[in-house]
2 protein chains.
Amino acid sequence: MAAQGLTREMLTSAALRIVDDDGLHALSMRRLGSELRVDPMAAYRHIPNKGTLLDEVVEAVMSEIDTDAVDASLPWQDRLRALAVSYLATLMAHPNAAPLIAERSLRGAGSLRVVEKALRIMTDAGAQLGDAIATIDAIGLLAAGIAQASSASVEQAEATAGKPLAGLPPEGFPLLAQAAAAGALSDGLADVFNFAIDAMIAALEAKSPSGHGPRVP
Amino acid sequence: MAAQGLTREMLTSAALRIVDDDGLHALSMRRLGSELRVDPMAAYRHIPNKGTLLDEVVEAVMSEIDTDAVDASLPWQDRLRALAVSYLATLMAHPNAAPLIAERSLRGAGSLRVVEKALRIMTDAGAQLGDAIATIDAIGLLAAGIAQASSASVEQAEATAGKPLAGLPPEGFPLLAQAAAAGALSDGLADVFNFAIDAMIAALEAKSPSGHGPRVP
DNA sequence: CTACTGATGTCTACGCTGTAGACAATAGTA
DNA sequence: TACTATTGTCTACAGCGTAGACATCAGTAG
């Protein structure tokens with residue numbers, strides 16, 4: 001007997017809000033119900049189980065990416081980079097949902113739309129389909145990992161009392177200790193992303209038969 | 001009153017066996033206890049909570065990697081590749097544990113040992129520490145993603161009735177449909193890994209001041 | 001207007017989870 | 001022999017996802 005009736009969209013957006021605000025572990029059917037002032041079981045009139053609710057949340061996040069925002073007149077390298085950056089930005093806007101996305105993307109149309117767009121950018125530039133898939137796979141997983149890592153200190157590492165390496169014996173791991181001290185493991189994650197993207201783009205360029213991007217009309 | 005007394009190692013190896021055999025979801029404290037013919041609560045005499053048990057499982061898997069197996073006389077590119085390949089091979093030997101490793105590596109000495117080794121290979125070759133970190137981050141996340149994806153069809157996708165893209169409208173996603181038909185999304189995952197590694201290595205080579213690998217004595 | 005039908009929200013209950021706290025039994029030492 | 005620390009057992013609690021019965025309502029056919 002809520003306002004005027006539950007909808008799938010209300011469930012999805014409430015679920016995403018819970019995840020954003022209080023983390024993935026806070027999203028339970030009971031919590032979802034109480035958020036919508038409704039019996040926990042009411043959700044099951046609109047979704048078959050919690051798994052599909054999670055899929056819908058992933059779809060909601062992935063649909064925030066505007067694949068048409070990349071300027072078509074730019075060279076393919078820049079378009080690919082722009083798409084990847086906006087993908088990462090979207091994940092960073094919902095870092096608590098990143099594990100979800102890493103696990104359950106490639107299912108709904110919203111996610112596939114982004115992948116298809118990236119594939120087209122690369123194959124239009126002359127890349128092999130297999131190499132293009134390798135590139136988005138690597139970039140997608142990396143972005144999810146980065147977004148997840150960026151929120152790990154907030155949600156999860158509070159159980160381990162601080163940074164991942166805090167309290168580690170610096171002797172035996174001199175390079176890691178040095179990197180941790182320089183903040184390269186947490187602050188420099190955007191650099192990680194850029195480095196990987198540039199590496200993949202350069203590899204695609206090297207493999208492409210023509211020296212510069214071909215333009216197939 | 002079991003055989004002669006529980007140990008942390010018995011718990012860890014039993015936990016890993018459960019994960020390997022029946023998946024991550026099958027690992028509960030009750031199941032762990034029944035596997036060892038012991039009360040579920042007995043485990044808590046040796047570990048503070050389930051989370052540290054999971055950390056131990058990650059450590060056990062990571063410790064299977066033999067970082068000294070890579071021939072030190074090889075050029076750094078080959079050594080890095082060998083290390084990455086043996087990392088992926090280890091993950092593929094425990095695909096059900098891959099999500100665990102993606103989430104909880106960089107905590108115990110066993111994991112850090114591998115990372116430190118990779119860092120040293122790269123920095124010895126003249127790479128910047130930041131670039132080296134970017135490389136292992138990307139490779140590590142990618143390997144975990146690949147291992148996870150390779151088992152996803154077994155453990156998880158049985159709920160979604162088959163391959164990720166099965167039952168998708170091919171129109172609208174022509175490239176993805178083509179890739180799925182060619183098996184590039186499941187069979188070609190090793191190629192994804194090789195492509196990414198080669199790309200990262202090439203990027204490191206390009207950034208390194210000296211054209212070929214320097215040898216610091 | 002009545003009676004039926006389908007949709008939607010509610011309630012109770014089951015088996016599962018991690019784990020706190022009391023109790024029992026055993027091993028090692030003074 | 002008596003005390004103590006360690007380790008396994010038992011019971012119990014709050015939480016989880018969700019199956020199934022029941023209640024309430026909107027819309028339609030007679």
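We name chains A, B, ... by the order of the sequence lines, and we start the count at 1 in each one. Any value given below was found using the heavy atoms of this structure, including those in side chains, with hydrogens, waters and symmetry copies removed.
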Item to check | Side-chain heavy atoms of Pro40(B) within contact of Arg31(B), under 4.5 Å | outcome: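 The answer is no; the side chains never approach within 4.5 Å.
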
Item to check | Stretch residues 43-54 of chain B: residues that reach within less than 4.0 Å of DNA chain D through a heavy atom | outcome: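 Close to the strand are Arg45(B), His46(B).
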
Select one nucleotide: of [options], the one nearest the side-chain heavy atoms of [X].
| X | options | result |
| --- | --- | --- |
| Asp39(A) | dG18(C), dG9(C), dT10(C) | dT10(C) |
| Met41(B) | dG21(C), dG18(C), dG17(D) | dG21(C) |
| Val38(A) | dC10(D), dT10(C), dG17(D) | dT10(C) |

Could you check how far [atom1] of [X] sits from [atom2] of [N], rounded to whole Å?
| X | N | atom1 | atom2 | answer |
| --- | --- | --- | --- | --- |
| His25(B) | dG15(C) | NE2 | P | 19 Å |
| Met29(B) | dG15(D) | CE | P | 20 Å |
| Arg8(A) | dA7(C) | CZ | P | 15 Å |
| Leu6(B) | dT9(D) | CG | C1' | 13 Å |

Checklist entry - With distance as the sole criterion, do the side chain of Arg30(A) and the base of dG15(D) form a donor-acceptor contact below 3.5 Å? => result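 No such pair is found, so the answer is no.
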
Next on the checklist: Within this structure, what is the CG-CZ distance for the pair Leu54(B) and Arg104(B), rounded to the nearest 0.5 Å?
Outcome noted: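 Between atom CG of Leu54(B) and atom CZ of Arg104(B) there are 4.5 Å.
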
Item to check | Residue pair Leu83(B) / Val114(B): nearest heavy atoms and the distance that separates them | outcome: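 Of all heavy-atom pairs spanning Leu83(B) and Val114(B), the closest is CD2-O, 4.0 Å.
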
Item to check | Least distance between heavy atoms, Ala15(B) atom then Leu32(B) atom | outcome: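 The answer is N-CD1, 3.7 Å.
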
Checklist entry - Would you find a donor on one side and an acceptor on the other, under 3.5 Å apart, between the side chain of Glu59(A) and the backbone of Gly110(A)? => result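 Yes, Glu59(A) side chain to Gly110(A) backbone: donor-acceptor pair under 3.5 Å.
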
Please list, one pair per line, the donor and acceptor atoms closer than 3.5 Å that link side chains of residues 41-49 of chain A to other protein atoms, with sequence neighbours excluded.
from, atom 1, to, atom 2, distance (Å)
His46(A), NE2, Leu6(A), O, 3.1
Asn49(A), OD1, Gly51(A), N, 3.2
Asn49(A), OD1, Thr52(A), N, 3.1

What donor-acceptor contacts under 3.5 angstrom involve side-chain atoms of residues 127-147 of chain A, with partners at least two apart or in another chain?
from, atom 1, to, atom 2, distance (Å)
Asp131(A), OD1, Lys207(A), NZ, 3.3
Asp131(A), OD2, Lys207(A), NZ, 3.2
Thr135(A), OG1, Asp131(A), O, 2.9

Next on the checklist: Arg120(B): which residues meet the side chain to side chain donor-acceptor pair (under 3.5 Å) condition with it, sequence neighbours left out?
Outcome noted: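 Arg120(B) satisfies side chain to side chain donor-acceptor pair (under 3.5 Å) with no other residue.
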
Checklist entry - Quantified as the angle between the terminal helix axes (five pairs each), what is the overall bend of the helix from dC1(C)-dG30(D) to dA30(C)-dT1(D) to 10 degrees? => result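 Computed from the C1' atoms at both ends, the axes differ by 20°.
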
Next on the checklist: Show me the pairs that pass side-chain hydrogen bond (donor to acceptor under 3.5 Å, both in side chains) and involve residues 80-94 of chain B, at least two apart or across chains.
Outcome noted: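 Residue pairs with at least one partner in residues 80-94 of chain B: Asp20(B)-His94(B), Glu64(B)-His94(B), Arg81(B)-Asp198(B).
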
